[in-house]
Amino acid sequence: MKSYDPKKIEKKWQAAWQKSGIYNANDKSHKPKFYSLIEFPYPSGDGLHVGHVRSNTAMDIISRKRRMEGHNVLYPIGWDAFGLPTENYALKTGKAPAVVTKENIATFRRQLQMLGFSFDWSREINTTDPNYYKWTQWIFLEFWKRGLAYKKKTFINWCPKDKIGLANEEVINGCCERCGTTVEKREKEQWMLAITKYANRLDRDLDTVDYLPEIKTQQRNWIGRSEGAEIEFAIKNSDLKITTFTTRADTLFGVTYIVLAPEHDLVTNVLEHTTNAAEIQKYINAAKKKTEIERTAADREKTGVELKGIRAINPANNEEVPVWIADYVLADYGTGAVMAVPAHDERDWEFATKYNLPITEVVVPNIIDKRNPPVAGKKTVERKNVHAIVRDPSTGKYLGLQWKNFDWLTFPMGGIEDGEDAATAAQREVLEETGFKNLKVIRVLAGQARAEYFAAHKDQNRVSYTTAVLLELVDHAQVPLSPEEKEKYDIVWLDSSKLNYEHMTHAEIGVWVEKISAKNPAYTGEGMLINSGTFTNTNSNEAKTAIAKKFGKIVTTYKLRDWVFSRQRYWGEPIPLIHCKKCGWQAVPEKDLPIILPPVKNYQPTDTGESPLAATTAAMKKWRTTKCPKCGGAATRETDTMPNWAGSSWYFLRYIDPRNKKTLADKKKLKTWQPVDWYNGGMEHTTLHLLYSRFWNKFLYDIGAAPTSEPYAKRTAHGLILAADGEKMSKSRGNVINPDQVVATYGADTLRLYEMFMGPFDQPVTWNTDGIIGPRRFLERVWRLQEKIYKKATDTVLESLVQKTIKKVSADIEAMQFNTAISAMMILVNSLEKAEKISAELYEILLQLLAPFAPHITEEIWHTLGHTKSIHLTPWPKTDETKIQKEEVTIIVQVDGKMRDSFQAMPTLGEQEAVKQAKNLASVQKWLLQKTVARIVYVPGRLVNIVTVS
RNA sequence: GCCGGGAUGGCGGAAUUGGUAGACGCACACGACUCAAAAUCGUGCGGAGCAAUCCAUGGGAGUUCGAUUCUCCCUCCCGGCACCA
């Protein structure tokens with residue numbers, strides 16, 4: 001037997017597969033189709049890294065298994081080659097980006113081929129190929145023709161380092177996604193794509209696809225669907241109106257002021273009617289200068305300026321309220337204006353407290369006392385109550401009353417008398433009921449609580465609105481108590497663990513405890529409406545809809561913003577539009593597509609945000625100068641380019657028909673292959689590429705260019721491979737591991753196997769090669785097993801293990817649990833090694849199971865065994881349940897839940913027999929000495945648990 | 001702050017979803033082969049203990065005959081969102 005030499009056999013089989021084209025998809029096959037997709041790589045100068053190997057191998061295993069299962073598989077590959085790193089490299093070296101890209105692709109192609117992935121190389125695509133980006137430009141024009149691409153002067157996120165505008169999705173914590181530089185705001189004219197028009201469908205249609213739940217959640221959070229209401233506030237002495245957006249229409253009667261975003265259009269319109277215009281203007285200017293980070297830092301103190309002289313009218317009660325501007329209100333969410341309800345919104349509370357604005361409570365928590373529920377037929381009395389929560393600072397305990405005639409434990413409490421405030425009432429009650437006379441009011445807990453209960457001592461039902469007052473004992477001085485008060489209760493001191501409904505009578509106690517520790521007293525929960533006109537005494541959830549309908553209209557808003565689509569850099573698809581002074585923006589006629597990216601001398605972006613295509617050189621001027629397609633007059637080309645997300649937003653469609661010159665892809669072929677059956681990629685693309693491409697696909701579907709409304713039926717995500725330092729691999733950190741060396745040392749099959757064995761596929765792993773020798777040894781063992789093959793060997797135990805392994809490996813691949821699949825094959829090999837001889841039949845099944853993981857070695861052995869057809873075209877082994885021998889199993893014997901012994905038996909063993917055998921075991925009897933058996937638990941085929949009386 | 005995910009030997013990780021905790025692999029130790037080394041093969045390998053046995057899945061409580069698995073509380077780590085009204 002030759003020794004295992006991956007260097008030789010891997011090259012050999014890669015060439016053979018390439019020649020025979022066994023991995024090429026067939027557009028006309030009658031087999032069921034399977035379209036498996038990986039995120040096509042960006043061919044960076046670093047070359048392929050081990051992270052690519054992990055995700056590509058995973059989908060390669062699945063694709064290979066599907067082929068063996070009789071599917072017509074499309075597993076394509078291409079290059080997402082436009083983008084900043086290449087351009088920056090070109091800037092540094094002076095090499096043209098197109099040249100750099102070509103070189104990088106050559107490296108990537110060599111590396112991917114070296115790893116034996118079963119890609120259909122005949123469909124290779126490249127987003128920087130004019131034959132490809134012709135259709136990217138075409139799609140853009142379709143957007144434009146339908147008004148979904150539009151130019152807008154807007155504040156954009158500007159990265160001062162990369163000198164590029166960024167989409168919201170590319171800003172992470174206020175920093176550039178790529179380079180980490182703090183993003184500035186710049187006002188620029190930008191092309192926008194109206195992704196918000198698709199917000200509803202992008203959200204709703206997640207129900208129709210099989211994505212990992214966390215992917216759906218993240219997309220939903222990003223889209224940020226929010227059901228609420230728009231309510232208009234008229235401006236006094238004016239025709240103007242302020243439209244506010246709220247999700248809490250039920251709190252409308254609690255509005256005490258209105259806040260506009262500083263950028264709100266209305267501010268300019270009313271400025272002349274204000275008495276403090278200069279102050280307002282100053283605030284607006286300051287707000288514009290702030291970066292996103294400065295403005296949205298959550299712990300930042302709120303600021304604002306009143307529009308003095310302007311009053312808004314609450315449509316619910318015709319009350320006049322002041323109007324403010326404040327930068328805690330975002331211009332581009334909702335309507336850019338909010339109705340402030342400080343009693344029930346933490347931000348409004350903070351603002352109102354700072355600027356002394358009134359606070360009106362309109363929702364109170366409503367509790368029905370479970371232990372003392374209202375009794376039917378008794379009369380109901382409304383009361384205003386106070387609870388005095390008195391803390392003794394010397395002990396940290398709280399003052400309570402243990403009632404003598406009832407089983408009650410309460411705080412000092414009582415009704416609030418007319419004209420009396422809560423703090424005074426609380427002190428009065430403490431004095432009357434306990435005699436303590438020196439008290440300090442800490443604070444009145446904001447917000448009342450409503451409770452419904454039966455007051456036994458008065459034989460009546462009560463609806464109480466209670467305010468709690470937090471007090472501290474200054475000293476223990478007491479006045480003598482009246483005899484009748486002494487009769488009623490004993491004074492007790494409660495530590496804080498007693499402040500709950502289990503110990504205390506007050507149904508409100510939970511509310512009080514929460515309020516005592518709350519950082520912000522605004523009550524944001526649901527409850528019963530008070531001070532709300534005809535809506536008083538209705539539940540806040542019901543009132544929400546009713547009030548919204550009566551005083552406004554119900555609307556849905558989204559956090560998602562339109563996509564800033566233009567970039568001022570060179571290495572991207574030119575936006576195919578022409579500007580004519582007379583006719584405005586015009587589309588490049590389809591026959592003139594693609595607009596080819598012209599060669600330039602200087603790729604340097606400018607600080608003014610102009611693309612290199614806008615340079616004043618003669619060559620660039622010449623490129624820009626064109627004719628208006630409408631009037632034939634002089635016109636200029638758009639110089640902005642598209643973001644690097646453009647080409648990847650539809651590439652999965654182009655794979656289906658990559659050389660089509662007439663259309664982006666043939667409709668019939670699209671119908672054959674779409675949707676992608678299984679798309680694996682990184683979580684980091686969830687709110688970028690994955691969302692963008694769903695949007696483009698939906699648009700293409702709407703115009704009849706894509707056959708399905710959703711592009712991907714199933715989406716999974718891999719865990720990142722981190723560098724040895726636990727950081728993300730990146731060139732800037734200099735910690736990228738290139739697979740070339742590993743393949744040279746161990747072979748591609750070993751690397752593939754190792755990466756799938758390292759840990760759970762969906763979790764991140766830290767790269768190290770300490771364990772790689774394990775998978776290599778495993779392959780060596782598989783190789784050497786050839787020597788043990790005998791034609792007539794049979795071993796039912798081994799046969800049954802092989803069948804179990806088929807079952808396990810098949811299921812694990814589907815669940816992407818590759819590590820346990822490999823472990824199962826290792827267990828099988830360990831057993832096969834111990835056998836004297838093994839049958840060719842069993843060995844071949846092992847090879848077939850291993851083939852998707854290690855395609856070269858298995859193909860080599862397969863042919864050595866005398867086969868002439870590729871192992872990768874053989875049918876995937878099926879589990880034969882009849883061969884899973886009815887083996888004896890180990891029955892565990894426990895005494896009182898602790899494992900004491902075990903015995904072998906058939907899994908069908910009956911309870912009586914099992915118990916008998918268990919009790920007969922000497923080691924079990926030892927544990928039963930002087931004990932009485934209370935009961936016995938028998939889990940068939942698993943265990944016997946003898947429980948004794950304790 | 002909110003929403004996810006997680007914590008198991010020296011290390012990477014298993015555990016049929018409530019039923020022998022530590023599969024499989026790495027590392028390590030000892031042995032065989034060898035002049036020797038590598039490779040390979042065999043044995044051992046959570047901790048304490050001579051042993052019987054006891055302890056042990058981030059910490060604490062609970063449910064259960066039985067908890068890595070379920071419930072509650074706490075600590076720490078990793079992602080995502082973050083003044084979204």
Side-chain angles (χ1 to χ4, degrees), chain A residues 3 172-174 213-215 217-222 224-226 228-229 244-248 251 259 295-300 302 326-330 332-341 344-348 350-351 519-520 524 557-561 683-684 686-687 719-720 722 726 753-754 757-760 762-766 768-775 777-778 780-781 784 808 811 817 819-830 833 890-902 923 926 934-939 941-948 950:
Chain A
S3 64
I172 313 290
N173 288 331
E214 52 267 45
I215 296 177
T217 309
Q218 259 187 50
Q219 285 210 349
R220 287 219 162 92
N221 288 345
W222 186 259
R225 184 190 174 90
S226 174
T244 62
F245 174 74
T246 181
T247 55
R248 289 297 303 270
T251 63
V259 196
R295 215 174 130 165
T296 59
D299 48 355
R300 193 176 141 247
K302 293 187 173 34
D327 66 7
Y328 78 90
V329 174
L330 306 175
D332 50 3
Y333 180 76
T335 60
V338 303
M339 46 174 251
V341 187
H344 305 295
D345 182 280
E346 297 185 357
R347 294 151 303 183
D348 296 343
E350 202 187 307
F351 194 77
K519 287 190 192 102
N520 188 308
T524 57
T557 20
Y558 300 89
K559 283 198 233 175
L560 189 71
R561 311 288 150 81
M683 279 307 285
E684 71 275 16
T686 301
T687 55
L720 286 179
L722 304 172
L753 208 55
Y754 177 58
F757 186 62
M758 280 180 90
D762 57 353
Q763 273 164 237
V765 273
T766 309
N768 79 75
T769 46
D770 290 352
I772 196 169
I773 191 66
R777 282 179 192 149
F778 166 69
E780 301 266 8
R781 283 178 187 151
R784 282 197 303 268
K808 173 84 178 147
Q817 285 159 358
N819 54 335
T820 49
I822 293 167
S823 155
M825 289 187 280
M826 287 173 167
I827 292 169
L828 176 60
V829 167
N830 288 346
E833 269 188 333
T890 307
I891 309 270
I892 305 307
V893 183
Q894 297 182 336
V895 177
D896 292 325
K898 287 199 171 164
M899 208 288 243
R900 294 305 176 192
D901 208 343
S902 64
S923 50
K926 186 175 87 183
R935 68 162 166 143
I936 293 172
V937 180
Y938 178 59
V939 182
R942 278 202 190 284
L943 67 76
V944 177
N945 185 12
I946 302 167
V947 186
T948 64
S950 55

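Each chain gets a letter, A, B and so on, in the order the sequences are listed, and its residues count up from 1. Bear in mind that the values here come from a model prediction, so they are computed numbers and not experimental data.
Looking at which nucleotide of RNA chain B each of P764(A) and R900(A) is closest to, the 5′-most match is held by P764(A). Summary of the strand contacts: R781(A) and M899(A) both lie near RNA chain B, and taking for each the nucleotide with the nearest heavy atom, the more 5' one is attributed to M899(A).
The side chain of V765(A) has G13(B) as its nearest neighbour among C83(B), C81(B), G13(B). Residue K559(A) places its side chain closer to C81(B) than to any other of C81(B), A15(B), G19(B). Each of G4(B), A82(B), A85(B) was ranked by its minimum atom distance to the side chain of T246(A); first place goes to A85(B).
The phosphate of U40(B) has OP1 or OP2 within less than 4.0 Å of a side-chain N or O from R777(A). Side-chain nitrogen and oxygen atoms of K808(A) include none within less than 4.0 Å of the OP1 or OP2 phosphate oxygen of U16(B). Within the structure, every side-chain polar atom (N or O) of K302(A) is placed at least 4.0 Å from both OP1 and OP2 of A85(B). OP1 or OP2 of G12(B) has not a single side-chain nitrogen or oxygen of N819(A) nearer than 4.0 Å. The side chain of N830(A) contributes an N or O atom lying less than 4.0 Å from OP1 or OP2 of G25(B). At the phosphate of G13(B), neither OP1 nor OP2 sits under 4.0 Å from any side-chain N or O atom of T820(A). Contact annotation: R942(A) does not reach the phosphate of G18(B) (side-chain N/O to OP1 or OP2, under 4.0 Å). Contact annotation: Y333(A) side-chain N/O to A85(B) OP1/OP2 distance is under 4.0 Å. In terms of phosphate contacts, R935(A) brings a side-chain nitrogen or oxygen within less than 4.0 Å of OP1 or OP2 of C65(B).
With hydrogens and angles left out, the side chain of R784(A) and the base of U40(B) share no donor-acceptor pair within 3.5 Å. A donor-acceptor contact under 3.5 Å is formed by the side chain of Q894(A) with the base of G19(B).
Here the side chains of I827(A) and S823(A) are in contact, with some heavy-atom distance below 4.5 Å. Taking the side chain as every heavy atom from C-beta outward, N830(A) and R781(A) approach each other to under 4.5 Å.
Straight-line distance between the P atoms of U68(B) and C30(B): roughly 35 Å, to the nearest whole Å. Between C45(B) and A23(B), the distance separating the two C1' atoms is 15 Å to the nearest Å. Comparing C11(B) with G46(B), their C1' atoms are spaced 13 Å from each other, to the whole Å.
G59(B) has its base anti relative to the sugar, with a glycosidic angle deviating from 0 by more than 90°. Applying the 90° cutoff around 0 to the glycosidic angle, U17(B) is assigned syn.
Atom CD1 of I891(A) and atom C1' of G66(B) are 16 Å apart (whole Å).
Under a 3.5 Å cut-off, the side chain of Q218(A) and the backbone N or O of T687(A) do not form any donor-acceptor pair. Using a distance-only test at 3.5 Å, with no hydrogens or angles considered, no donor-acceptor pair links the side chain of D345(A) to the main chain of A340(A).
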